[in-house]
Amino acid sequence: MNDAGSTRSPARSRSARAAALLERLAALPASDGDATAEAPVLVRAPGRVNLIGEHTDYNEGLVLPAAIDREIWIALRPWDRPEVELTSAELDETRSFRFEGLAPAAGRERSWIDYVAGTAWSMRVAGLPLQGFRGVLDSTVPVGSGLSSSAALEMATSWALAVPGASRPDPAAMAAVAQRGENLYVGVNCGIMDQFASAAGRAGHALLIDCRTNTFTPAPMPPGLAVVVCDTGSTRRLGSSAYNTRRSECELGAKLIGEREPGVTSLRDVDEAMLERNRDRLPEVVARRCEHIVCEDGRVVATVEAMRVGDLEALRRLFAASHASLRDLFEVSSPELDAMVEIAMSVPGVVASRMTGAGFGGCTVSLVEPGAEVALRGAVMTLYPRLTGLKPQVYAVATVDGAGPVVQAS
Ligand code: GLA
């Protein structure tokens, strides 16, 4: 499914992709649920890359992700039954569930359909009407590499299940519904960033999201810079347990500081001076986690300004500081991510580079001057396997609009 080794966006045009998916839908074997003669519907939702602001979302902080042209598409026919039957074209696997009786179950073995069912469950709990459907899904978001294929699946599902004509919550509220599904039904304790970026993305922009107020401001991408994602090809070792540990450490830090400082309910309320005067009450490891979070919010604000005025030197510095902080203070980088950033920064024309997403493996994001993409790809493809023994992927990505119906050319 992935464009292995490509520096270009998925080559297939939108219309060819739509045609292939609709053909696949039409070829599904007959079923007695096919009562409806309604025209097929196509919906899409993008993955995301986070430019800066890492692990700040669950601390009510600031993040700066962009929705990218790696997308999940679903072609579907609404049907009369209160259930979903979905075929993954990639896995050639069909799964189904009924709306009735959907409930979180502890310890369930996780599969891709849980993200779909979890979204249905959460929409129901939120009082939103659901439309049953039979569909086919197709993805160009690489799974497990930190580009938020799960959030893309959830947001595509939220459109697939929408009853035509019914009012729909705004993208921020819908992202929160999907996040609740992932937290409570699937059992993954993620923050709001990924669903928010997939729901509300805007072409040509990153989104400055305030995860305390759940509001966003589009921030124009710096003109003339390309965004290149390099996948380390390393699995996210210890991913979810280490993620949960980081969350608890941050919560403990906020609690301990809040015992002495009135009004502190999360690390969003803590600034550097406050952290310093309370450092003595924090376990050393917790103090380091807090230092990352408290300083990262400032870097997000500074990055938006550097993008606005085209200050490349500031972008370089801010990305480098974020990466070093994630490596040394928050300890979520890996030798592979560090090697990838180092290789990227040795290439002339690469302005800035850092790990992106949860960490523990996954991808880096780089801002690159025109023409330097080819050199970056060459350096990564040659040097990275030598250093790590792993096979990298390099994707130049474009920023796109958030999830919604696919508008088909007539
Ligand atoms: C994962 C989570 C997000 C966020 C990032 C780290 O992508 O799903 O909510 O916490 O990690 O910034």
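Atoms within each ligand, like the ligands themselves, are counted from 1 in listed order.
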Is the shortest N/O to N/O distance between [X] and ligand 1 below 3.5 Å?
X	value
Asp57	yes
Thr56	no
His55	yes
Tyr58	no

Just let me know how Gln195 lines up against ligand 1, side chain, backbone, both or neither, with a heavy-atom cut-off below 4.0 Å.
neither

Carboxylate-amine/guanidinium contact [X] [Y], below 4.0 Å:
X	Y	answer
Arg289	Glu331	yes
Asp194	Arg48	yes
Arg44	Asp138	no
Asp271	Arg277	no

Which residue pairs pass the side-chain hydrogen bond (donor to acceptor under 3.5 Å, both in side chains) test when at least one of the two sits in residues 155-165, sequence neighbours left out?
Ser158-Arg168

List ligand 1 atoms under 4.0 Å from [X], heavy atoms only on the residue side.
X	answer
Glu54	6 (C), 12 (O)
Arg48	7 (O)
Gly191	9 (O)
Met193	4 (C), 5 (C), 12 (O)

Check ring-ring contact (aromatic ring centres under 6.0 Å, His included) between Phe216 and all other residues, then give those that pass, not counting sequence neighbours.
Phe196

Whether Tyr185 and Trp121 hold their rings parallel, tilted or perpendicular, with breakpoints at 30° and 60°:
tilted

